[in-house]
Structure formats: C-alpha cells, structure tokens
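The next block holds one structure in the form of structure tokens; read it before the comments.
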Amino acid sequence: MTTLSVNEKKHTVEVEADTPLLWVLRDHLNMTGTKYGCGIAQCGACTVHIDGSPQRSCVLPVSAAEGKEITTIEGLADAELLNEVQQAWLDFDVAQCGYCQSGQIMTATALLNHNSSPSDEDIDAAMSGHICRCGTYQRIREAIHHVANKSSVNVK
Amino acid sequence: MRWSVAQGFSRRSFLRGAAGGTGSLILGVKYSPAEGAIKKHSSSVINNFIRVDPDNTTTLLINYAEFGNGAYTSLAMMVAEEMDIDWNTIVLEEAPTEPKYYSPLFKEYLTAGSVTTLSAWMPMRTAGAQARDLFLRAAALKWDTDIKALDTQLGNVIERNGDRSSTYGDLLVTIEKESLTALSNVSLKNPKSFKLIGTNTKRIEGTEKVNGSAIYGIDIKLPGMLYGSVARCPVYGGKALSWNDSKTMAVKGVVKTKRISSGIVVLAKDFWSAKKGRDALEVVWDEGQNASLSSEKFYSEYKALASKPGMLAEDIGNSLKVLHETRDTIEAVYEMPYLAHACMEPMNCTAMVEQDNADTDKISKCEIWSGTQYQSNDQEIVSKLLNIPQQSVTVHRPLIGGSFGRRASKTADFTVDAVEAANGENVPVQVIWSREEDIRGAHYRPLFVHKLRGALDDKGIPLAWHQTVVGQSIMQGTKHDPAYMVRGMDIYSLDGCLQEPFGVFRYGTSYAIPNHRVESHNPPKVGVNPHEWRAVGHTHTGIAYECFLDELAHAGGKDPLDLRLELTKDNPRMNTVLKLLKEKTNWNTSLGEGRARGMAARTYSVSPCAQAVEITLLDNGEFSIDKVICVIDCGIAVNPLGIESQVQGGISIGISAVAFGNIEIVDGRVKQSNFHDYNVMRINHMPEIEVHIIPSEEMPTGVGEQATAPIAPAVANAIFAASGTRVRSFPLSKHGFKLI
Ligand code: FES
Ligand code: FES
C-alpha cells in the first residue's frame with residue numbers, strides 16, 4: 001500500500017514500489033492530464049510538481065513520491081499565479097495539439113514561482129527539457145513574458 | 001484574476017453528448033454514437049451537420065480530425081459566420097463514420113493533405129446558411145410577415161423595423177409544427193461582409209488543453225479495460241517463432257500474453273505492468289528478408305539508379321540536347337534520410353470487440369477509440385479483419401496529440417494492434433506504443449536520392465534542368481494507387497519538381513525554365529513502410545530543387561531571390577509572395593560578420609509560400625537560426641491566428657528535420673529509439689518567426705504543410721551563404737553544422 005497526496009487529496013494505491021508515478025497517476029488514479037511522451041526524462045510531457053518543484057514523473061518511482069505533496073495539471077487552478085499561467089496560455093492561443101502543454105505549463109509555473117521576470121536565457125534553461133513537436137515555442141515564450149510583466153505590475 | 005475551470009468547460013463542453021445517448025461515460029465526457037443522438041433530437045436537426053437545442057446551443061457535427069491543425073476552430077467559424085450565431089454558443093460533436101460525412105475531395109473520412117479548409121469551405125458555409133434561412137422562414141411564418149422584413153443577429157431572428165425578436169432555439173417549435181426543412185439552395189454571404197472569418201480566433205478546444213481535461217486517445221478509460229504492450233521484431237516485417245512468458249507472467253498485474261500480427265502482446269491491468277511484462281518476454285524471431293538492409297545500401301543503390309534513365313515524368317523543351325551541347329553543366333546529387341514523425345502522443349488505440357449474445361463465437365460488433373486522421377479506412381480494415389459489416393465498426397475519435405501524417409495509416413497498423421489484442425477478451429483493450437516502438441515503427445518519410453544537372457544561358461539564367469528522383473513510392477500498391485500513380489510514377493515522389501500539373505496535383509513549381517526534364521525511379525518497397533510526412537514529397541524535393549536552384553544562381557552570378565523573381569514573372573501569385581519577402585527581409589542589406597541569409601520558395605497544394613532565414617554561424621560549425629520571415633498566399637485567411645501557428649509549427653518541424661532528422665537502418669534495425677538519439681528542436685533552437693499573409697479573395701487553401709516545404713532548403717542555403725559549404729546530404733549535423 002502506498003499513500004500519496006495528490007492535489008491536496010490523499011489516495012491509497014496498491015502498486016509495486018518501482019512503478020513510475022506517471023503510471024500511478026494515469027492508470028490507478030485516472031488522472032490523465034499528465035502525459036507520457038518518452039519515459040526516459042527527455043520530453044517533459046509527464047512533468048508534475050513534487051513539493052513545488054517540477055519533476056519528470058515517468059522516471060520517479062512512486063515510493064519516492066510518498067509523503068510529498070504532488071501537484072498535477074488538474075490541481076493547478078487552485079493557486080492564484082498558476083491560473084494566470086494557464087490563462088496566458090489561452091490568451092496567446094499557445095496549444096496546437098496540446099499534448100505537451102500540461103508539462104510545459106507545470107514547468108513554466110514553477111519557473112515563474114521562483115523567478116518573477118525570467119530573461120530569454122532563463123526561459124531557455126528552464127523550458128528546454130520540454131519537446132513540442134507542434135512547434136509552439138514562440139508562443140510559450142510570449143506567454144511566459146506576459147505573465148512576468150503582468151505580475152511585476154500588479155503586485156498584490 | 002481567477003477564472004473558473006468549470007465555467008470554461010461547460011461553455012465549450014467539447015464532444016458534448018446528447019442527453020439520453022447510449023455512449024459510455026468517460027471521465028465526465030460523454031461520447032455518444034451520434035447516429036442515436038440525432039434520432040433522439042429529431043426536432044432540432046437542421047441538416048447533416050447542425051443541430052440546435054431550445055437553449056440556443058448549436059451543435060456542429062465535425063467530420064475532420066483535430067490534431068493541432070485548427071480544423072475544429074476554422075470549420076466552426078465558417079458555420080458561425082453564415083448561421084450568424086454567437087461564437088460561444090457553438091459546441092462540437094464528432095460526426096459518425098458514414099459516407100455523408102466523407103471529405104468531398106477524398107471521398108473518404110480523411111483529414112489530410114492540407115485541404116480541410118478548402119474542402120469544408122462550401123459545405124460548412126452552406127450548412128450554416130441553411131440553418132439561418134430556416135430560422136428566418138420559421139419566424140416569417142410565426143409572425144405572419146414577409147421574410148424580407150427580417151434579419152438575424154447572433155442567434156436571433158429580428159424584425160428590421162419592429163419589436164419582435166426570437167432566439168433560434170425558440171423557433172424550433174415552429175419548425176417542427178410547420179414541418180419546415182432546410183433548403184438545399186441558399187445564398188451565401190459576400191466575403192466582404194464576413195464578421196468572424198478573417199479575425200484572430202482562439203482555439204475552440206483551448207480550455208481543455210490547458211487544464212488537463214482534454215481527452216486524447218491515450219486517455220480513454222473504460223470499465224474493465226486492459227492495457228497492452230507489444231514485443232515487436234527488431235527487424236520490420238519479422239515474425240515471432242516462439243516465446244517464453246514465464247518471467248512475464250510473474251510480473252504483478254500481467255493477465256496474459258498472445259500473438260497478434262505485429263508481435264506478441266502482453267495484457268495487464270495497467271500500462272506499466274504490461275510494458276514491464278513485455279520487456280521480460282523471451283521471443284525467438286524469424287527476422288525475415290529485411291535483416292540485411294541498411295540505409296547505406298539504399299543510398300548506394302539509389303545513387304546508381306539515379307544515373308540511369310528512369311520513367312519520364314516531364315520533358316519540356318529539350319533538356320538532354322541543351323545539356324549535351326553545354327560545356328559547363330552543373331551537377332549535384334542530394335541525399336535525404338528516412339524520417340520519423342515522432343508525434344508527442346505515441347501511437348495507441350483502444351478497442352472493444354463484442355460477441356453475439358446467442359452465438360458467442362460470432363463477433364457482432366467492434367468499437368474503437370483512436371486518434372486517427374483516417375476513420376473510414378480504419379473502419380474498413382477492421383470490418384475485413386473481423387469479418388463483420390462496416391457499419392458494425394464504430395470509430396470514436398478523441399483529440400489527437402500530433403500526427404503530421406502518421407495517423408493517416410493506410411494499414412491502420414496501430415488500430416489493428418488494439419483490435420487483435422481485444423478480440424476474444426470481452427473487455428476493452430488499449431494498446432499503447434512505447435516511444436521506442438513509435439520511433440522504430442517503420443512508417444517513415446522515405447529515403448530519397450535526387451540527381452540534378454543544369455545549364456545556364458549567357459545571362460546566367462537557368463536554360464535547362466534535368467532531375468532524376470529515386471525513392472520508394474508511398475502510394476504504389478495501396479488503394480490510392482489509381483489516383484496517385486501516373487504512368488507508374490508516384491506523384492508524391494515528384495511533387496514540387498515538375499513545372500506542369502501532374503495527375504491530381506493541379507500546380508507546378510511556379511518557375512519557368514525553358515528546358516525541363518524530370519525522371520523517376522520507384523525502387524522496391526522493402527524494409528520500411530513509406531509514409532506521408534508533413535509536406536510529403538516537398539520534404540525532399542524541396543531541398544533538392546531549391547538548393548540546386550541556389551547552386552545555379554551562384555554559378556550564374558545571380559542573387560538567389562532575384563533569380564526566383566525572374567523565373568516567376570509569369571506566375572503572379574508566387575511573384576507577389578517573393579516581392580513581399582524581399583521587402584520584409586530587407587534582402588539587399590548586409591547582416592554583418594558571421595551572419596547570412598538563405599531563402600526558398602515552394603508551392604504545395606496550391607498555396608505559394610516563400611521564406612528567408614537569418615542565421616549566425618560560428619567558426620566551430622555551431623549555428624543559430626535567428627529569424628524566419630515567411631510570406632504565404634493561402635487565399636482568404638479564415639483564421640489568421642491559426643495560420644500563424646501552423647506556419648510556426650510547419651517551420652519548427654522542418655528545422656528539426658534539416659538540422660537533426662535522421663532514421664538510420666543498420667542490419668535491418670532502426671538505430672535511433674527515443675528523443676535522446678532522434679533529436680528534435682527545443683525552445684532554445686526556436687527562431688523568431690514573422691508571418692505575412694497576402695490579402696486575397698481567392699478560395700482559402702491549406703497552411704498545415706505549406707510552411708514546412710521551404711524551410712529546410714532555406715536553412716541549407718543560408719549555411720552555404722555563411723560558410724561556402726554546400727551540404728548535399730542530410731541532416732546538417734552529419735557535416736558538423738550543429739544547431740544551437
Ligand atoms: S515522458 Fe517523462 S520526460 Fe518524457
Ligand atoms: S502542442 Fe502539440 S506537442 Fe506541443
């Protein structure tokens with residue numbers, strides 16, 4: 001038995017300890033917003049937050065996530081800033097097929113959470129672990145800058 | 001500012017099922033067999049495509065796939081424009097796989113070839129106009145007034161000089177009472193009065209794609225569903241002789257193993273267990289005939305063939321004579337490797353095969369859930385496979401995580417996997433390909449060799465062109481053979497090499513070279529399954545043609561863009577595109593030390609598109625693509641925001657291919673396996689892309705593949721301009737040019 005805290009809710013699952021968190025989320029908890037793209041930490045589609053930091057769930061054994069707070073794309077809309085990232089993605093019409101975007105949004109959110117005005121280099125460094133085969137990179141960059149500019153103006 | 005997920009979702013509740021439909025509930029999204037739903041809503045059926053509910057919601061039955069192409073949005077725009085409804089009141093439901101929903105161009109349920117906008121332009125607008133007309137007639141009857149006194153306004157019929165108004169939804173009662181039906185002959189709007197078409201419109205399914213609720217094929221969950229993972233022969237076409245599953249069956253969650261056409265499938269309660277079980281299988285393979293094949297052998301055979309006469313596709317003037325009589329001919333051979341599509345969502349399909357209640361050996365029906373571009377073909381292949389009528393195969397089409405041609409599978413390969421795996425199981429089975437299977441899946445842009453010879457006149461203008469194209473045909477021997485093979489030649493292999501229209505392709509290169517000869521060889525289709533890949537033939541003909549044209553410009557001392565302007569003087573559409581490109585790039589200015597420009601121009605599926613790139617090249621061979629300027633003429637621009645994203649995407653995938661794209665076959669095996677060795681571009685490689693759309697009143701044409709066609713040669717031409725090195729075998733990384 002493994003107990004996980006996902007989006008502030010506790011779940012108990014019966015899986016082998018080496019099962020990657022990705023497949024526990026997708027197949028045991030039916031939370032399919034987190035995607036499978038490569039399984040070897042090359043594409044970023046499976047990115048979730050573990051205690052607030054972005055991690056590749058396809059290579060993270062579920063045992064390593066026990067006792068930590070897991071946030072997935074489905075849980076983002078509860079936090080103020082995170083909503084803004086998703087909203088910016090909508091405003092800039094970033095998604096094409098959309099498959100990579102859960103992961104992109106998770107990493108962009110984490111980036112903006114610790115760096116409120118990232119430079120282009122910061123964006124490259126944070127986001128280059130993600131692949132978008134549809135080529136939405138330009139709009140991803142624009143959306144991140146947009147959120148940064150907005151939050152530096154509207155500090156609460 | 002907070003926005004509500006729930007609100008966003010219900011306003012645009014996508015693939016919204018009709019109340020009382022018989023579909024199964026999947027994560028809160030109801031998939032209903034639309035046929036049943038239509039019957040239950042007979043009072044609100046306007047025509048084949050449109051239903052209206054009393055609450056004034058319009059449901060559009062959408063008969064093209066959405067894989068990032070923007071089809072859902074632009075088709076809904078066409079309907080909303082003519083029907084005159086509020087954009088926020090339109091929802092989409094998948095049109096069933098029936099002939100009345102087939103593409104009028106392909107006569108199949110197929111989304112491909114960048115012709116969706118063009119094919120849907122009249123049907124969607126007509127459907128919308130029919131609905132509007134029906135509500136106008138209903139109001140005229142209800143109010144006993146002349147229809148000429150009425151108008152519509154965003155989902156309402158209004159009296160021009162009166163007080164009365166009614167929502168479309170409220171007029172449904174009148175339509176039913178008076179038995180009114182849609183007229184086939186209705187007039188369409190003058191494009192000058194369009195209000196929605198031509199405006200920047202965001203994706204209709206945008207919300208689902210940022211909050212994790214979008215359902216792709218891989219996200220389908222059904223009660224009792226098992227997951228399948230397939231052990232495939234490392235050599236394409238090989239077969240399993242025997243297998244030992246004792247280690248596999250010891251993996252927790254594994255249910256069984258069995259043989260299917262593509263290998264041995266392991267069924268388990270979750271995908272990870274299935275894959276773990278698959279990895280533990282011991283299989284003895286018969287590798288078959290392809291085990292000795294290699295990319296190197298293909299290159300050397302094809303190069304030998306390229307020097308031999310091929311089938312004659314085009315012979316304008318007398319190239320052979322001119323070349324024979326010219327002293328300084330220019331010659332080059334270009335080599336392009338196999339390419340994988342590598343869509344972010346790996347291939348997958350879910351299937352449920354149901355037995356007859358009375359005779360359990362007899363299959364009664366099959367349902368599949370598949371991110372497919374090609375529903376009618378999947379249906380046809382599955383019906384033959386299970387020996388049941390085509391109507392007994394229901395295809396559900398969830399959202400699609402990228403396709404680029406891959407999911408228009410003529411063999412329905414990933415669909416067949418799931419159906420064979422599910423057959424006999426009495427529960428749904430979802431087969432997911434691992435990324436490694438996906439990269440090694442053998443459906444590739446075929447490897448090509450082009451041999452070119454050219455001669456210039458005394459002013460340095462191309463006088464004669466002779467091109468021999470060698471590569472496996474995509475269409476030969478398939479059901480598309482009659483339409484796409486002309487005198488034994490695949491028109492896709494030659495697309496973009498010929499000056500004149502060829503077969504069903506009603507356009508040429510846009511250039512006029514007085515002596516122009518093109519020959520073709522179709523070597524045997526062995527080793528892989530040659531397949532359409534975004535921009536298809538242009539992915540290799542574009543490089544060969546546009547780079548060699550650059551070579552001729554250089555040899556003749558001509559500016560490459562000015563030469564193309566000269567060669568397109570009699571082609572006003574491309575000439576206009578090139579003129580604007582010259583202006584927008586400030587072509588005649590210098591970029592300074594270490595930087596250079598390159599350009600190319602292509603006409604794919606009617607829309608002329610030209611691009612210039614600006615690169616920076618370092619001494620160590622590393623280069624960055626700093627900027628791409630793209631000019632495209634796609635007729636009426638239905639959704640400029642969508643066009644811009646298609647251009648960005650088309651350029652991105654083309655850069656991936658020219659810079660890194662390489663599937664190599666060694667001893668019949670594909671060397672690459674995942675994104676660590678099949679490199680694709682990432683955000684740090686992405687140039688700034690500027691898109692200019694030529695204003696036009698022509699019919700809208702495609703944009704999905706057009707921008708992919710010129711980018712690879714434009715980059716290679718820029719590398720030449722910066723370094724003096726003419727790369728003729730791809731990708732660029734083979735020659736130490738590393739994209740950073
Ligand atoms: S699926 Fe985890 S990084 Fe690609
Ligand atoms: S939007 Fe399709 S892969 Fe990124």
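All chains are named by letter (A, B, ...) in the order of the sequence lines, taking the proteins before the strands, and each is independently numbered beginning at 1.
Taking every heavy atom of both residues into account, B/Gly212 and A/Ser102 meet most closely at CA-OG, 4.4 Å. Closest non-hydrogen pair, A/Gln138 versus B/Met686, comes out as N-CG, 4.1 Å.
With hydrogens and angles ignored, the 3.5 Å screen pairs no side-chain donor or acceptor of B/Asn684 with any backbone N or O of A/Asp124. With hydrogens and angles disregarded, no donor-acceptor distance shorter than 3.5 Å links the side chain of A/Arg133 to the backbone of B/Met344. Between the A/Tyr137 side chain and the B/Met681 main chain, a donor and an acceptor come within less than 3.5 Å of each other. In terms of modelled atom types and a separation under 3.5 Å, the side chain of B/Gln648 and the main chain of A/Gly135 share no donor-acceptor contact. With B/Lys209 contributing its side chain and A/Gln96 its backbone, the two residues share a donor-acceptor pair below 3.5 Å. Distance alone, capped at 3.5 Å, places no donor-acceptor pair between the B/Arg203 side chain and the A/Cys97 backbone. A donor-acceptor contact shorter than 3.5 Å links the side chain of A/Asp27 to the backbone of B/Phe271.
The CG atom of B/Asn679 lies 8.0 Å from the CD atom of A/Gln42; values are rounded to the nearest 0.5 Å. Atom CH2 of B/Trp272 is separated from atom NE2 of A/His28 by 11.5 Å, given to the nearest 0.5 angstrom. Residue B/Thr73 holds its OG1 atom at 7.0 Å from CG of A/Asp93, rounded to the nearest 0.5 Å.
Of the atoms belonging to B/His341, it is backbone heavy atoms, and not side-chain ones, that fall under 4.5 Å from chain A. With a 4.5 angstrom heavy-atom cutoff, B/Lys276 touches chain A only via side-chain atoms.
Here the side chains of A/Tyr99 and B/Pro346 are in contact, with some heavy-atom distance below 4.5 Å. For the pair A/Trp23/B/Ser273, no side-chain contact is recorded, criterion being any heavy-atom separation below 4.5 Å from C-beta on. Residues B/Lys202 and A/Phe92 are not in side-chain contact: their nearest non-hydrogen atoms beyond the backbone lie 4.5 Å or more apart.
In terms of heavy-atom pairs under 4.5 angstrom with chain A, the leader among B/Ser403, B/Ala342, B/Gly402 is B/Ala342. Of the residues considered (B/Gly401, B/Cys343, B/Gly70), B/Gly401 shows the highest number of contacts with chain A, using heavy-atom pairs under 4.5 Å. Ranking B/Met225, B/Arg435, B/Arg682 against chain A, the residue ahead of the rest is B/Arg682, based on heavy-atom pairs under 4.5 Å. Considering only heavy-atom pairs separated by less than 4.5 Å from chain A, the leading option among B/Ile400, B/Ile651, B/Ile218 is B/Ile218. In terms of non-hydrogen atom pairs under 4.5 Å with chain B, the most contact-rich of A/Ala41, A/Ala95, A/Gly33, A/Cys43 is A/Ala95.
With sequence neighbours excluded, no residue forms a salt bridge (Lys or Arg N to Asp or Glu O under 4.0 Å) with B/Asp677.
Look at B/Asp219 and A/Arg26 and you find a salt bridge, because one of the NZ, NE, NH1 or NH2 atoms lies within 4.0 Å of a carboxylate O, short of that distance.
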Inset, instruction - Please report the C-alpha distance between B/Lys252 and A/Glu14 in whole Å, then the side-chain angles of each, then the deciding distance to 0.1 Å, and finally whether the side chain to side chain contact (heavy atoms under 4.5 Å, CB included) criterion is met. - result: CA-CA 11 Å; B/Lys252 214 173 133 217; A/Glu14 233 195 283; 4.1 Å; yes
For B/Ile683 and A/Ile140, run side chain to side chain contact (heavy atoms under 4.5 Å, CB included): C-alpha distance rounded to whole Å, both residues' side-chain angles, the deciding distance at 0.1 Å, then the answer.
CA-CA 9 Å; B/Ile683 195 168; A/Ile140 288 175; 4.0 Å; yes
